[in-house]
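Presented below is the structure to which this report refers.
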Amino acid sequence: MSETLGQLIRELSSGNVKIVDLTHTLSPEFPTLQLPAQFGQVGAFKIEQVSQYDDAGPAWYWNNFSCGEHTGTHLDAPAHWVSGKDHPRNTVDTIDVGRFIGAAVVIDASKEVAGNADWNLTVDFLLGWEADYGTITADSWVLFRTDWHKRLPDAAAFMNMQEDGAHTPGPTQDAVEWLIKERNVRGFGVETINTDAGQAYGWPLPYPCHTLMHGANKLGLQCLTNLGALPPTGAIIIAAPLKIQRGSGSPLRVLALVP
Ligand SMILES: O=C(O)C(=O)c1ccccc1S
Ligand SMILES: [Mn+2]
């Protein structure tokens, strides 16, 4: 084994490098995105026991499950959005595997969001973060901490739907453009069910995070949790989607290596 990998294994075994699970449990109770009724809907997680050490399977326990590609903690591939449809290797089965392990920075806006569910991440807020923690390095994941996961298990509070749609935080169009053009990030990760703000469907450029990030061949992570256990900089995340043929996204286990 190389010295570097050997050192990593030793650091993991000693606990000097901790592993933090950023993933929600996939269950039928986990809320799913609600689009307007005229559109197709993502499937909730369903599970059906096949056997559990019984007549159907005396020595084994197993289930069948079904869900949408965008159910629970999941990754959005560039092909998920029409703006990303023409990129090569843009589906979960074809994305370069080197994109599944990478550095992550955590932008903590949990206090701001606690006071305003429609709070938007701006370029000014990002520049203020960089003044404290340094420049966001190219090809990093940018993880938007809002503590929104604390609204679970109350699905209604997590979705925060009102008569005009969801009211959840997200980045402004300017912030998305800045992250892409000025910092060339790997992708954007959130705790909410949508990388865009809930009200972004009605913005001049609807869903700017989906549109621009996937248009720039970048990735999204949704329904993350435990971001509060990560430092602002220095974590590495492993986010490897299921290898679904022509998949637009996939539920996945997201793990952070934290020094
Ligand atoms: O990527 C998603 O799961 C997501 O948020 C989404 C999916 C489909 C349509 C609109 C949206 S906004
Ligand atoms: Mn998605």
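One-based numbering, in listed order, for ligands and for the atoms of each. For the numbers below, each heavy atom of this structure counts, side chains included, while hydrogens, waters and symmetry mates do not.
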Study note, to complete from the structure: Note: ND1(His70)-the Mn ion (ligand 2)-OD1(Asp76) angle, rounded to 10 degrees, equals 90°
Heavy-atom contacts with [X] under 4.0 Å: which atoms of ligand 1 show up? List them by number with element.
X: His74; answer: 3 (O)
X: His80; answer: 1 (O), 2 (C), 6 (C), 7 (C), 8 (C)
X: His210; answer: 1 (O), 2 (C), 4 (C), 5 (O), 12 (S)
X: Tyr207; answer: 12 (S)
X: Asn194; answer: 5 (O), 12 (S)

Going by atom types only, do [X] and [Y] share a side-chain donor-acceptor pair under 3.5 Å?
X: Ser110; Y: Asp108; result: yes
X: Asp174; Y: Thr172; result: no
X: His167; Y: Asp118; result: yes
X: His214; Y: His210; result: no

For the Mn ion (ligand 2), decide whether [X] has an N, O or S atom at a distance under 2.8 Å.
X: Glu69; answer: no
X: Thr195; answer: no
X: His80; answer: no

Review point. Got a second to check how far His149's NE2 is from Thr73's OG1, nearest 0.5 Å?
Key: 11.0 Å
Practice item. Could you say whether the N/O atoms of His70 and ligand 1 ever approach to under 3.5 Å? Key: yes
Practice item. Could you say whether the N/O atoms of Asp76 and ligand 1 ever approach to under 3.5 Å? Key: yes
Check your understanding: Hey, mind stepping through Val176 and Phe188 against side-chain contact (heavy atoms from CB on, under 4.5 Å) and telling me if it holds?
Key -> CA-CA 9 Å; Val176 177; Phe188 193 68; over 6 Å; no
Practice item. Would you check whether Val42 reaches within less than 4.0 Å of ligand 1, judged by its heavy atoms? Key: no
